[in-house]
J.: 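Have a look at this one before I ask anything.
Protein chains get the first letters and strands the later ones, always in sequence-line order, with residue 1 at the start of each.
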Amino acid sequence: MPRRATRYWLMKSEPDVFSFDDLMAAKGRRTMWDGVRNYQARNFMRDDMAVGDGVLFYHSNAKPPGVAGFAEVVREAYPDPTALDPKDPHFDPKSDPEDPRWMLVDIAGVESAPNLVSLEDLKANPKLSEMAVVQRGSRLSVQPVTADEWKVVRKMAGL
DNA sequence: GCCAACGTTGGC
DNA sequence: GCCAACGTTGGC
């Protein structure tokens with residue numbers, strides 16, 4: 001028995017930087033979700049994510065933007081090493097190695113969306129009107145998704 | 001490339 | 001603690 005119900009998330013990545021295909025091509029189809037420097041996004045990863053949670057992998061700053069694939073959380077939160085490495089572009093001098101400010105999870109790719117679900121498609125579906133990603137000015141890079149929304153998006157993707 | 005929306009910073 | 005200035009996000 002799972003300790004709690006599976007939760008669902010949407011995580012944004014710029015495909016020019018790291019695409020869903022990059023994730024599927026990575027060793028073990030896994031990656032550290034590093035570089036998040038927003039407290040709300042960090043709190044979701046640190047406090048609310050568990051192994052097995054579902055992840056909508058969203059391409060931002062893309063043509064078109066949208067959900068490119070499905071992933072899952074494979075390691076619970078731990079300190080983001082890029083925040084503690086002075087040579088890393090995501091280095092944060094204010095993060096204390098004894099009490100790291102930034103946390104991340106590992107995710108693994110599960111399956112590509114047979115049809116990319118574009119932002120336009122998401123906005124056009126009345127069932128998804130409450131989703132954070134379709135709200136105007138929504139910039140949060142890690143967002144909770146309901147189980148119903150997850151099912152709807154999977155269906156729209158052709159799964 | 002533009003710019004609206006948003007989060008963070010820092011002076012006071 | 002307020003809030004103006006600034007930097008970033010991300011759709012268009």
Side-chain angles (χ1 to χ4, degrees), chain A residues 7-26 31-49 53-73 77-146 148-150 152-158:
Chain A
R7 289 177 183 159
Y8 301 95
W9 308 94
L10 178 147
M11 298 171 87
K12 295 181 184 174
S13 185
E14 301 193 25
D16 288 350
V17 179
F18 191 81
S19 69
F20 188 75
D21 284 347
D22 292 334
L23 176 62
M24 294 303 262
T31 192
M32 291 191 304
W33 204 256
D34 61 9
V36 171
R37 297 293 179 267
N38 170 284
Y39 290 105
Q40 207 178 344
R42 177 207 64 185
N43 292 347
F44 284 135
M45 290 198 288
R46 184 189 63 189
D47 303 334
D48 298 322
M49 283 192 186
D53 282 2
V55 175
L56 301 176
F57 194 106
Y58 179 88
H59 282 172
S60 62
N61 263 322
K63 296 175 191 170
V67 175
F70 301 85
E72 65 180 347
V73 176
Y78 59 102
D80 182 342
T82 67
L84 305 173
D85 176 1
K87 294 188 296 294
D88 192 280
H90 295 296
F91 175 61
D92 179 358
K94 286 182 272 190
S95 183
D96 175 2
E98 298 303 313
D99 182 20
R101 172 179 306 201
W102 302 112
M103 308 285 282
L104 51 68
V105 298
D106 289 355
I107 68 166
V110 175
E111 56 192 336
S112 182
N115 317 307
L116 180 130
V117 185
S118 71
L119 178 60
E120 187 182 11
D121 295 336
L122 295 171
K123 285 180 171 173
N125 191 324
K127 291 180 182 148
L128 303 179
S129 62
E130 302 295 313
M131 269 185 95
V133 73
V134 307
Q135 309 305 320
R136 178 177 166 82
S138 161
R139 290 175 22 180
L140 194 57
S141 65
V142 176
Q143 311 175 349
V145 169
T146 68
D148 285 345
E149 289 162 350
W150 171 266
V152 170
V153 174
R154 280 187 67 82
K155 188 168 286 187
M156 292 169 78

J.: Return the set of residues passing salt bridge (Lys or Arg N to Asp or Glu O under 4.0 Å) with A/Glu120 (not counting sequence neighbours), or none when no residue passes.
T.: none
J.: Could you check A/Gly137 against A/Arg101 and say which one's nearest nucleotide on DNA chain B is further toward the 5' end?
T.: A/Gly137
J.: If only atom types and distance count, is the side chain of A/Arg46 paired as donor or acceptor with the main-chain N or O of A/Tyr78 below 3.5 Å?
T.: no
J.: Quiz question: by atom type and distance under 3.5 Å, do the side chains of A/Asp92 and A/Trp102 form a donor-acceptor pair?
T.: yes
J.: Tell me, do A/Val36 and A/Met45 make a side-chain contact under 4.5 Å, heavy atoms counted?
T.: yes
J.: Return yes if some donor-acceptor pair links the side-chain N/O of A/Thr82 with the main-chain N/O of A/His90 below 3.5 Å, else return no.
T.: no
J.: Are A/Trp9 and A/Phe57 near enough that their ring centres are under 6.0 Å apart?
T.: no
J.: Let's go through A/Leu23 and A/Ile107 carefully: what are the C-alpha distance in whole Å and the side-chain angles of both, what is the deciding distance for side-chain contact (heavy atoms from CB on, under 4.5 Å) to 0.1 Å, and is it a yes or a no?
T.: CA-CA 9 Å; A/Leu23 176 62; A/Ile107 68 166; 4.1 Å; yes
J.: Which nucleotide span of DNA chain B, 5' end to 3' end, has atoms closer than 4.0 Å to non-hydrogen atoms of chain A?
T.: B/dA4 to B/dT9
J.: Can you pull out the residues from residues 114-135 of chain A that lie within a 4.0 Å heavy-atom distance of DNA chain C?
T.: A/Leu119, A/Lys123
J.: Would you find a donor on one side and an acceptor on the other, under 3.5 Å apart, between the side chain of A/Asn43 and the backbone of A/Gln40?
T.: no
